[in-house]
Amino acid sequence: MTLPRVRFAPSPTGYLHVGGLRTALYNYLFAKKHGGTFVLRIEDTDQTRLVEGAVKNLIEVLEWAGLTPDESPELNGKGGGAFGPYVQSKRLEIYKRHCEILVKSGNAYHCFSTAEELEEVRKLQQKQGLQPKYNRKWLPESLGGGAPESEIKRRLDAGEPHAIRMKVPDNRIIKVEDIVRGTVEFASETIDDQVLMKSDGFPTYHLANVVDDHLMQITHVIRGEEWLSSTPKHVLLYEFFGAAAEPQDNWAPPLFAHLPLLLNPDRTKLSKRQGDVAVEDYRAKGYSKEALINFVALLGWNEGGGSEQEIFSMDELVEKFSLEHVGKSGAVFNIEKLDWVEQQHIKRSTDAVLAAKIKPMLLDALKNKSAELPVEVITGDLYLEQVAAQMKERVNFISEFITFSSYFFFEPETYEPEAVKKRWTPETNALLTEFGLQLEAVQPFAAAEIEAALKTFAESKGLKPAALVHPLRLSTTGTSFGPSLYHLMEIIGKDACMRRIKRAALRITADAVPS
RNA sequence: GGCCCUAUCGACUAGUGGUUAGGUCACCACCCUUUCAAGGUGGUCGGACGGGUUCGAAUCCCGUUAGGGUCACCA
């Protein structure tokens, strides 16, 4: 088997839809798994929908996700490939040439109906309960229609604007061989004479995608299910071109794989209205590419063979992916599970990897807030790795290493009122002050030693450790929850601990405490 | 409405004629525990419906229903 060539062919709408991300991912995985090529092609044949900077953004987001194409539009000296250009608006001549072949072979014809005219016909048909379908007004006499050749020639010579439509044959069953769905059949009567070339000289998707897939030697078309019903048109186009081409020019259609759709919680097609659909949105919210890729891969694909693995790296996905295990039914995009996947990826990351991710966020936070500890200490790898080790099982997002554990970097400013109410007694201040003296003497200032000191002290006072532990946590962190108190104290160090205990004693005054 | 696709716990899914229908998220309980998590154990919950075929059906066939996609000079 020759090496597969697949493509992701989005239209540049300005952002990458998560469904698009999954389509791109499956294409990428399939290509990489088989040592093939992953092509990015931009389908920008609709001039009314141009979005500034969309291509650049698309490439940037794909790269962020780790789905860097092997061939893609050239941009800033990057990209390119042997089958370019990869932007359809730059291939207009190619489509024109191919369309002429179709007209010449009698598989396409000129149509002078205006948009308004067509709209009117369509309305009438709907009113009569008929299928909205082109009425073949301009199908020439030579092709069995009613339009005189002379009239067509006259208008053509006069340079009248016109579209070119494909002539769908009558009484045919068109078979689409789909890898995920098996054979799907369509009666040609249900297929409209699709416009191939618009009057503005741009091709429609149908023509462009067939021509490009052939010219770019695409072997597998892996795309969303919304394309399934237009696939018979594409199959027909391959057939037309094949019949008109030289024998060595092989127009056999590629293999198709139509992917199930991604759904909203109410099982309608995943849409903007019901939440975020852009990959950029999730990225901005702090989801990692690893988790997003992992999660999205599972929406419609499973390893099969009774595997119960849920967490996959990109390498594992490449190794294990197969089109045969892609499901047929739509999948709800469930954010709760995404969150869990994100958390799993954080938990499984090494402290060093986590530290590297925390650092830029911390540096950012440091711009608006001054640290209590020396900046060079808290931004150091060692320090951040310790924070990561303590917090990685308690956060759902990397950003929470800053927000949920700011006390590793910044002095607590407030103290959870609920916790103060619950844990602070009139004796607490005196108790903490006294314990502070013991703490001064702890050497080294490490978790085990701190714990021992605390327990000894508590025992000497006839108290449970908890009577000390909770107020201590509160005064050193301002919160009632978090990692091991002793470890946390070790990390922020004796000086900061002592300072914070004293400050808390001043701030949480006895009269603020219910007696 | 026509055409096409789909149908296993609330969600993602395993399963390809014989299983006590398995796993994960979420939920509940318990354990662990200074807190919060994480983790562990257990639990609640499922083959849309109706007909066939078969000794036997979640699995094969037909129908119904429901959901989705598509019917543009959009992709």
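The model shown is predicted, which means the values in this text are computed figures rather than measured ones. Chain naming here is simple, since letters A, B, ... match the order of the sequence lines and numbering starts at 1 in each.
With distances taken from any side-chain atom of A/Val469 to the nucleotides B/U34, B/U70, B/A72, the minimum falls on B/U34. Side-chain atoms of A/Lys269 lie closest to B/G69 of the nucleotides B/G69, B/U35, B/A14. Taking the side chain of A/Gln344 as heavy atoms from C-beta on, and the options B/U70, B/U34, B/G39, the nearest nucleotide is B/G39. Nearest nucleotide to the side chain of A/Asp46, out of B/A75, B/U35, B/C25: B/A75. Checking B/C73, B/A75, B/U35 against every side-chain atom of A/Tyr205, the shortest atom distance belongs to B/A75. Among the nucleotides B/C73, B/A26, B/C3, the one closest to any side-chain atom of A/Thr190 is B/C3. Among the nucleotides B/U24, B/A37, B/U35, the one closest to any side-chain atom of A/Trp340 is B/U24. Candidate nucleotides B/A37, B/C73, B/U70 were compared by shortest atom distance to the side chain of A/Val195, and B/C73 ranks first. Side chain of A/Pro132, nearest nucleotide from B/G1, B/A11, B/A37: B/G1.
Not a single donor-acceptor pair under 3.5 Å links the side chain of A/Arg500 to the backbone N or O of A/Pro412. Between the side chain of A/Asp339 and the main chain of A/Asn396, no donor-acceptor pair closer than 3.5 Å is present.
Residue contacts for A/Ala466: at a heavy-atom cut-off of 4.0 Å it reaches no nucleic acid atom on any strand shown. The residue A/Lys133 sits apart from the nucleic acid: no heavy atom pair falls under 4.0 Å. Counting any heavy atom pair closer than 4.0 Å across all strands shown, A/Gln126 reaches no nucleic acid atom. No contact: A/Leu338 has no heavy atom under 4.0 Å from any strand. Within 4.0 Å (heavy atoms only), A/Tyr486 reaches at least one base atom of the nucleic acid. In this structure, A/Gly306 reaches the sugar-phosphate backbone alone: every heavy-atom distance under 4.0 Å involves primed, P, OP1 or OP2 atoms, never a base. Base contact: A/Glu310 has a heavy atom under 4.0 Å from a base atom. Using a 4.0 Å heavy-atom cutoff across all strands shown, A/Ser484 reaches at least one base atom of the nucleic acid. The residue A/Thr204 sits close only to the backbone: its heavy atoms come under 4.0 Å of sugar-phosphate atoms, none of a base. A/Glu116 comes within 4.0 angstrom of no nucleic acid atom, judged by non-hydrogen atoms across all strands. Residue contacts shown for A/Pro265 are absent, as no nucleic acid heavy atom lies under 4.0 Å away. At a threshold of 4.0 angstrom between heavy atoms, the contacts of A/Thr45 are confined to the sugar-phosphate backbone, with no base atom among them. Across all strands, A/Gln131 comes closer than 4.0 Å to base atoms (heavy-atom distances). A/Gly300 comes within 4.0 angstrom of sugar-phosphate atoms only, judged by non-hydrogen atoms across all strands, and of no base.
Atom CG of A/Asp193 is separated from atom P of B/C73 by 11 Å (rounded to the nearest Å). Distance, A/His325 NE2 to B/A14 P: 8 Å, rounded to whole Å. In this structure, A/Arg348 places its CZ atom 12 Å from P of B/U24, rounding to the nearest Å. We find that CG of A/Asn302 is positioned 13 Å from C1' of B/U16, with the value rounded to whole Å. As a whole-Å value, the separation of A/Asp178 CG from B/G69 C1' is 13 Å. Between A/Phe202 atom CZ and B/A72 atom C1' there is a gap of 17 Å when expressed in whole angstrom units. The distance from atom CD of A/Gln194 to atom C1' of B/U70 is 11 Å, rounded to the nearest whole Å. Rounded to whole Å, atom P of B/C25 lies 14 Å from atom CD of A/Gln309.
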Is there any protein nitrogen or oxygen under 3.5 Å from a nitrogen or oxygen in nucleotides 5-9 of chain B, and what are the pairs?
from: B/C5; atom 1: O2'; to: A/Arg181; atom 2: NH1; distance (Å): 2.4
from: B/C5; atom 1: O2'; to: A/Glu225; atom 2: OE2; distance (Å): 2.9

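With C1' as the reference atom, B/A26 and B/U64 are 33 Å apart, rounded to whole Å. Rounded to a whole angstrom, the distance from the C1' atom of B/U35 to that of B/C28 is 22 Å. Here, B/G46 and B/G10 have their C1' atoms 10 Å apart, quoted to the whole Å. Comparing the C1' positions of B/C32 and B/G47 gives an interatomic distance of 37 Å, to the nearest angstrom. Between B/G18 and B/G56, the two C1' atoms lie 6 Å apart (nearest whole Å). Separating the P atom of B/A29 from that of B/G63 is a span of 48 Å, rounded to the nearest Å. Going from the C1' atom of B/A21 to that of B/U33 covers 37 Å, rounded to whole Å. The gap from the C1' atom of B/U20 to that of B/C27 amounts to 24 Å, rounded to the nearest Å.
In this structure the side chain of A/Phe445 never reaches within 4.5 angstrom of the side chain of A/Ile492, judged on heavy atoms.
A salt bridge links A/Glu290 and A/Lys357; the closest N-O separation between the charged side-chain nitrogens and carboxylate oxygens is under 4.0 Å. Taking a cutoff of 4.0 Å between a charged side-chain nitrogen and a carboxylate oxygen, A/Glu451 and A/Lys455 qualify as a salt bridge. We find that A/Asp192 and A/Arg122 are not joined by a salt bridge, their nearest charged nitrogen and carboxylate oxygen being 4.0 Å or further apart. Using a cut-off of 4.0 Å between Lys/Arg side-chain N and Asp/Glu carboxylate O, A/Arg41 and A/Glu43 are scored as salt-bridged.
Donor-acceptor pairing under 3.5 Å is recorded for the side chains of A/Glu342 and A/Ser288.
At a cut-off of 3.5 angstrom, the base of B/C73 holds at least one donor-acceptor pair with the side chain of A/Ser199. At a cut-off of 3.5 angstrom, counting only N and O atoms as typed in the model, there is a donor on one side and an acceptor on the other between the side-chain of A/Lys337 and the base of B/U24.
Pair check for B/U8 finds B/G15; Watson-Crick or G-U wobble, both atom distances under 3.5 Å. Of the nucleotides present, B/U70 is the one that pairs with B/G2 by Watson-Crick or G-U wobble criteria, both distances under 3.5 Å. Base-pair partner of B/U54: not found among the strands shown (Watson-Crick or G-U wobble, both distances under 3.5 Å).
In this structure, A/Asp212 and A/Gln88 approach most closely via the heavy-atom pair OD2-NE2, 2.9 Å.
A perpendicular orientation is assigned to the rings of A/Phe333 and A/Phe295, their planes being inclined by more than 60° (bins at 30° and 60°).
Tested against A/Glu385, the residues A/Asp351, A/Val353, A/Ile358 include a single side-chain contact (heavy atoms from CB on, under 4.5 Å) partner, A/Asp351.
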